[in-house]
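The structure appears below as structure tokens.
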Amino acid sequence: MLTVTLQDGGTKEFAPGTTLLTVAKTLSQKLGKAALLAVVNGENRDLTDTLEEDAQVEFITGESAAGLHAIRHTAAHVMAQAIKHLFPTTKFAIGPAIDKGFYYDLDSEHIFTPEDLVAIEKEMAKIVKENIKLERSELPRAEALAFFAAQGEAYKVELINDLPADAVISLYQEGDFTDLCRGPHCPSTGRIKAFKLQSIAGAYWRGNEKNKMLQRIYGTAFNSKEELTAYLTMLEEAAKRDHRKLGKELELFALMDEGPGFPFFLPNGMIVRNELINYWRAVHRRYGYEELMTPMILSRQLWETSGHWDHYKENMYFTQIDELDYAIKPMNCPGGMLVYKTKPHSYRELPIRAGELGIVHRHELSGALHGLFRVRCFTQDDAHIFMMPSQIKDVIQETIRLFDEVYATFGLKYHAELSTRPADSMGDEATWEVATNGLREAMEDFGLKYIVNEGDGAFYGPKIDFHLQDSIGRTWQCGTIQLDMQLPEKFDLTYTGEDGQKHRPVMIHRVVYGSIERFIGILTENYAGAFPVWLAPQQVRVLPISEKFQPYADQVKQQLFDLGIRIATDDRNEKIGYKIREAQMQKVPYMLIIGEQEAASGTVAVRSRSGGDLGVMALADFIAQLTQEIATKQ
RNA sequence: GCUACUAUAGCUCAGCUGGUAGAGCAUCUCAUUCGUAAUGAGAGGGUCGUAGGUUCGAAUCCUAUUAGUAGCUCCA
């Protein structure tokens, strides 16, 4: 007999060859039903595997992340089986579980439609109901190749051929369908209790745009119907917060056919934008930044010097002036370099922190445009910091602190990513190594957790990116800190050191908002359009009950207006309910209802967009509360 | 850029298999002066994204093109 040690420390004996599923069932009927995978001596295993020696065993259910992952992975196989039943000529590429569900990439003459998804779901339900076993087998490479080649599954053959020589080639069979897969999987299709197919999209084979574009079907699956419903409801709610929808409803910005990717900012959007800029200036002033502005169009020669002509040309717009080539700036840095060079610098001045709200133009692919999140013209809240090599760590830490402060003001959650040297890059290996380690150390000392994106850096240096979430959980890169070892060299920047000799400064590029446009998009979604008072396009609206109270309403309005409050009066001949409804929908933070009682006593009846009727108060009290709320950016 | 889908009044949308455009909201006018999410009545507004084609006849079918949407690729 074998001894199995369980999670709680208890032990139990089983005959060799007992499946893990049987072990789970023996422990309790409930566990037998809930268990999806097992961890045997620290290794993930299928429940259909057998035990051959003493082992430490832990069972995984759908309540854990690993269990949910298995459900989704198995659901992808179930979907593939269903598709094979309904569209037998379909060829299968890859079908993994992902963050919020699963997908399968397919190659088929048939173009899948939303109606097909309904039919596939039905077929999947049938397969789930049959509760078919998933059985793992391992094959020698030649046999596996022959197996898939016989079925015409060219993508699977290519995948196997690309596996390392010593790789274990495993297959999972569920009834009449067998797939190449590393596993692990749920023991049977009946474990897929709640799933939903969501969308059809294109995707390149192996993510390479030179390859054939396949059809990808996205779906999701959960441990229970309740969780699935909750998730789908959340998505519906999130759609209401989409900044493209709110941007139109709240008249923040507009995108027109006449300028794809070139947003128009409307009066309301300009207020949010200007408030963000005011705040930005205040923060940067405190952190020792100065501000400058460089031209939007600069000569070809400059872009050749900076390296953009060679490395970034595809994304740039060009023009000619007096028969000479010019480029519209896609980045602010070359201009910043020229400013640095306008005078000699001493080590005593460093670090120099030069900020610029720079409007840049980039020719993004048409299919990549996405509301304010991805545009072709945007304002970077840029800054270049020039320093001595010995100052790198302190400066980067200080920058991380600034970022953290700004994001906290908006209550935004973020995560950081470190990107290392890409294939198309300038400079030598050693310099890259030093720079990358500099970033890494600064983050670690600050206690900032990060993930690493190998080869994802800019052509001129490694970078730390800060990603913020939109309403449906997609993340967008906003802030970035990029170390640049190339430009100071290219532009021959120098400073005079303590020793009287010329030295090369190190520089970083950094943006906190990233682009003001993208940041406004993120904020709009995070606040669901209900901007805090300090950012709200209209902060207060006065609503007189009838014309009779207009004079007092004007008085109230004027007092607040003189204090710099963004205020308006709704003096239309409408009922109070109508005016309130409209102010609510426009997400005006405060409404002041003015009627006979208020006019007589010199008070205001305050209604907040979130808290409803706050009752009558003295105007002075309301002003005190309001100005406090604005000042503290609540 | 690629794959698929979508495109009708300012907005949200209806318009079956081709017979020549409709609703609600918004706008304007009139009446109502009414205390916490829609007062009533009336009026105006669209050559159905654009350009070709098929047809006696096209918002409806075909082709091209532009823009958008989902994703891929790429990126702040």
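Owing to the predicted nature of the structure, the values given are computational and were not obtained by experimental measurement. Labels below follow one simple rule: chain letters A, B, ... track the order of the sequence lines, proteins then strands, and each chain is numbered from 1.
Residue pairs meeting the side chain to side chain donor-acceptor pair (under 3.5 Å) criterion with at least one partner in residues 476-485 of chain A, sequence neighbours excluded, are A:Y460-A:Q482, A:D465-A:Q477, A:D465-A:T480, A:D470-A:W476, A:T480-A:Q482, A:D484-A:H509.
No more than 12 heavy atoms of other residues, nucleotides or ligands sit less than 6.0 Å from atom NZ of A:K196.
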*Could you run down nucleotides 37-42 of chain B 5' to 3' and tag each one B, S or - for protein heavy-atom contact under 4.0 Å?*
BBB---
*For nucleotides 69-76 of chain B, just jot down a letter per nucleotide in 5' to 3' order: B, S or -, based on protein non-hydrogen atoms under 4.0 Å.*
SSBBBBBB
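A heavy-atom distance below 4.0 Å to RNA chain B is reached by these residues of residues 106-122 of chain A, ordered by number: A:I111.
Legend: residues meeting ring pair (Phe, Tyr, Trp, His ring centres under 6.0 Å) with A:F92, ordered by chain and number and at least two apart, are A:Y104, A:F177. Taking A:R362 as the reference, nothing meets the salt bridge (Lys or Arg N to Asp or Glu O under 4.0 Å) condition, with sequence neighbours excluded.
The two atoms that bring A:R72 and A:D99 nearest to each other are NH1-O, 3.1 Å, heavy atoms only.
A distance of about 13 Å separates the P atoms of B:G49 and B:U6, rounded to the whole Å. Separating the P atom of B:U33 from that of B:U39 is a span of 15 Å, rounded to the nearest Å. The C1' atoms of B:U55 and B:U20 are separated by 14 Å, rounded to the nearest whole Å. Rounded to whole Å, the P atom of B:U8 lies 15 Å from the corresponding atom of B:C61.
Contacts of A:D613 with the nucleic acid, taken as non-hydrogen atoms under 4.0 Å apart, include base atoms. Note on A:E249: nothing from the nucleic acid sits closer than 4.0 angstrom, heavy atoms only.
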